[in-house]
2 protein chains.
Amino acid sequence: MAGRPRIYNDENIIDKAIEVFRGKCFDAASTDELLAAMGIGKGSFYLNFKGGKEELYQRSLKRFAENLNRKMEAEMERSGDAMGYIKNLFLKMANIPSAQKDRGCYYGDALVQLSAKDKANKELAVYLLKDLHRIFTSAVKSGQEQGKVAKDKDPETLGWYLINFWNGIHITKRMEKSPEILKSIIEGNFKLLE
Amino acid sequence: MAGRPRIYNDENIIDKAIEVFRGKCFDAASTDELLAAMGIGKGSFYLNFKGGKEELYQRSLKRFAENLNRKMEAEMERSGDAMGYIKNLFLKMANIPSAQKDRGCYYGDALVQLSAKDKANKELAVYLLKDLHRIFTSAVKSGQEQGKVAKDKDPETLGWYLINFWNGIHITKRMEKSPEILKSIIEGNFKLLE
DNA sequence: TTAATATTGTACTAAATGGTACAATATTGA
DNA sequence: TCAATATTGTACCATTTAGTACAATATTAA
């Protein structure tokens with residue numbers, strides 16, 4: 001259990017890598033650039049990430065899910081109004097600064113950016129998006145129990161509407177940044193749940 | 001007007017390039033690979049595409065628009081039922097083969113795949129997506145005239161719902177390929193126009 | 001036939017790429 | 001104090017990259 005101490009923390013450097021990956025696609029993000037952002041050298045990197053860039057990306061997807069998916073579940077639970085929390089999550093997208101609107105959903109981006117050879121990571125992104133669908137579906141169910149969502153509709157299907165809307169708005173906000181237009185799209189789509 | 005005759009046709013080779021670009025992102029598609037698919041050598045390429053890969057991509061976006069946007073307008077006109085044509089366009093996506101479901105909208109993909117440095121091409125993709133919004137909006141208007149779309153709703157706003165739905169379904173079909181689920185998402189979302 | 005010219009194919013280059021090898025270093029426990 | 005060991009930083013490597021230079025080639029018009 002001896003040895004030279006690490007100068008870094010796994011979670012911290014993966015967060016830095018996510019920042020880089022969100023600015024350009026997997027192939028365009030060079031290891032040199034990633035390592036510079038992470039603040040570690042190649043020696044440390046290839047020791048900890050035996051699979052190189054691909055493993056880093058995989059772990060960044062998992063790390064992202066801990067922050068997004070798990071946090072969403074926790075907040076839904078905590079607030080006691082899961083659907084209200086979800087709707088607010090969407091509405092907030094209308095008002096973020098323009099630069100942030102150029103960023104998409106980390107999972108959806110992975111599906112678009114990864115080439116066919118990165119099969120494993122693509123499947124992981126699909127898995128995490130389906131987990132998001134599950135979370136949306138559970139929010140719909142609790143919304144139905146609270147009388148906030150139409151009870152005669154299949155929650156699973158409404159969950160699909162929501163994940164599809166999630167996928168769409170993350171592209172649309174990159175082409176149209178007007179808060180008013182984005183807000184009208186969001187409000188309009190939530191009518192599907194009524 | 002003399003000189004060695006070209007062995008290729010601009011439109012043909014750009015179509016081949018589009019095939020390559022749709023399989024991987026801009027940065028990951030190498031010129032060698034592109035030229036092999038296009039069937040021309042570097043000499044011919046850099047003579048015709050002075051701007052290199054970036055110009056090729058730009059012209060491929062424009063070429064794609066001629067085939068998609070212009071064709072959509074023509075079909076809407078020809079069919080005499082613009083909204084029916086648009087809805088059918090979406091419904092067809094539910095039943096295409098799985099491999100095709102892994103491909104997205106060429107413009108939306110551009111927004112996700114291009115890095116910040118390709119500003120010009122990103123703006124072109126935005127322009128073409130906005131042209132699609134205009135087309136959707138005009139379909140809504142003609143649907144309203146024909147009593148197929150609710151008349152009390154702003155066509156521009158419904159156009160936004162449609163372009164956002166377009167953006168979304170092109171991501172969603174990459175994560176969920178079931179024709180039934182995709183069909184239910186499409187049918188459900190078109191309720192927003194009623 | 002031939003001058004003018006547009007296109008082609010290939011050899012080449014400089015830079016960047018992902019990854020490896022390994023000596024130097026900083027710690028722990030005996 | 002020192003052996004054992006985990007981490008670090010750097011020099012290095014083979015490959016791939018986008019793009020250039022230019023001689024060879026195939027055509028048209030005089």
Side-chain angles (χ1 to χ4, degrees), chain A residues 1-14 16-21 23-61 110 113-122, chain B residues 1-14 16-21 23-61 110 113-122:
Chain A
M1 206 47 70
R4 184 170 173 172
R6 288 196 176 173
I7 56 166
Y8 63 92
N9 164 282
D10 269 26
E11 295 174 351
N12 287 162
I13 62 170
I14 292 176
K16 297 290 187 186
I18 290 174
E19 287 302 302
V20 176
F21 280 134
K24 44 186 62 176
C25 67
F26 178 77
D27 291 279
S30 74
T31 37
D32 279 5
E33 185 181 10
L34 285 161
L35 295 191
M38 292 157 81
I40 62 171
K42 291 199 166 185
S44 307
F45 178 66
Y46 284 101
L47 191 73
N48 192 340
F49 299 83
K50 298 260 162 41
K53 220 173 97 168
E54 216 163 295
E55 182 186 332
L56 172 62
Y57 192 75
Q58 184 200 100
R59 285 168 68 178
S60 80
L61 278 167
Q113 291 172 346
L114 296 181
S115 51
K117 70 178 201 306
D118 306 294
K119 218 182 150 203
N121 280 336
K122 246 178 162 163
Chain B
M1 204 49 70
R4 184 169 175 172
R6 289 194 175 174
I7 55 166
Y8 63 92
N9 164 282
D10 269 25
E11 295 173 351
N12 288 163
I13 60 169
I14 291 177
K16 297 289 187 187
I18 290 174
E19 288 302 303
V20 176
F21 280 133
K24 44 186 63 177
C25 67
F26 178 77
D27 290 279
S30 74
T31 37
D32 279 5
E33 184 182 12
L34 285 160
L35 295 190
M38 293 157 83
I40 62 172
K42 292 200 165 184
S44 307
F45 178 67
Y46 284 101
L47 191 72
N48 192 341
F49 298 82
K50 298 260 164 41
K53 223 172 95 169
E54 216 164 295
E55 182 185 334
L56 172 62
Y57 192 75
Q58 183 200 101
R59 285 168 67 177
S60 80
L61 278 167
Q113 292 172 347
L114 296 181
S115 51
K117 70 180 200 305
D118 305 294
K119 215 181 152 207
N121 281 335
K122 246 179 163 164

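Sequence lines set the chain letters: A, B, ... in the order given, protein chains first and strands last, and positions in each chain run from 1.
In this entry the distance linking CZ of A/R4 with C1' of C/dA24 reads 8 Å, nearest Å. At whole-Å resolution of the value, CE in B/M38 and C1' in C/dG9 are 15 Å apart. A/F45 places its CZ atom 21 Å from the P atom of C/dC22, with the value rounded to the nearest Å. One atom, NZ of A/K53, and another, P of C/dG19, lie 8 Å apart when rounded to the nearest Å. With rounding to whole Å, A/D10 atom CG is found 13 Å from D/dT7 atom C1'. Distance A/D27 CG to C/dG19 P: 11 Å, rounded to the nearest Å. In this structure, CD1 of A/I7 is placed 14 Å from C1' of D/dT10, rounded to the nearest angstrom. To the nearest angstrom, P of C/dT17 lies 8 Å from CD of A/E33.
Of the side-chain N and O atoms in A/S30, none sit less than 4.0 angstrom from OP1 or OP2 of C/dA16. Phosphate proximity of C/dT7 to B/S44: absent, as no side-chain N or O sits under 4.0 Å from OP1 or OP2. OP1 or OP2 of C/dG18 lies within a sub-4.0 Å distance of a side-chain N or O belonging to A/T31. Residue B/Y46 places at least one side-chain N or O under 4.0 Å from the OP1 or OP2 atom of D/dG19.
Among the atoms of the strands shown, none is found under 4.0 Å from any heavy atom of A/I40. Within 4.0 Å (heavy atoms only), B/A28 reaches no atom of the nucleic acid at all. At a threshold of 4.0 angstrom between heavy atoms, the contacts of B/F49 with the nucleic acid are absent. As judged by a 4.0 angstrom heavy-atom cut-off over every strand, A/K42 is placed among the base-contacting residues.
A distance of 10.0 Å separates CD in B/Q113 from CG in A/D27, rounded to the nearest 0.5 Å.
Between A/R59 and A/D10 a salt bridge is recorded (basic side-chain N to carboxylate O distance below 4.0 Å).
Nearest to the side-chain atoms of B/P5 among the listed nucleotides D/dA26, C/dA26, D/dT8 stands D/dA26.
No hydrogens or angles considered: nothing links the side chains of A/D118 and A/Y57 as a donor-acceptor pair under 3.5 Å.
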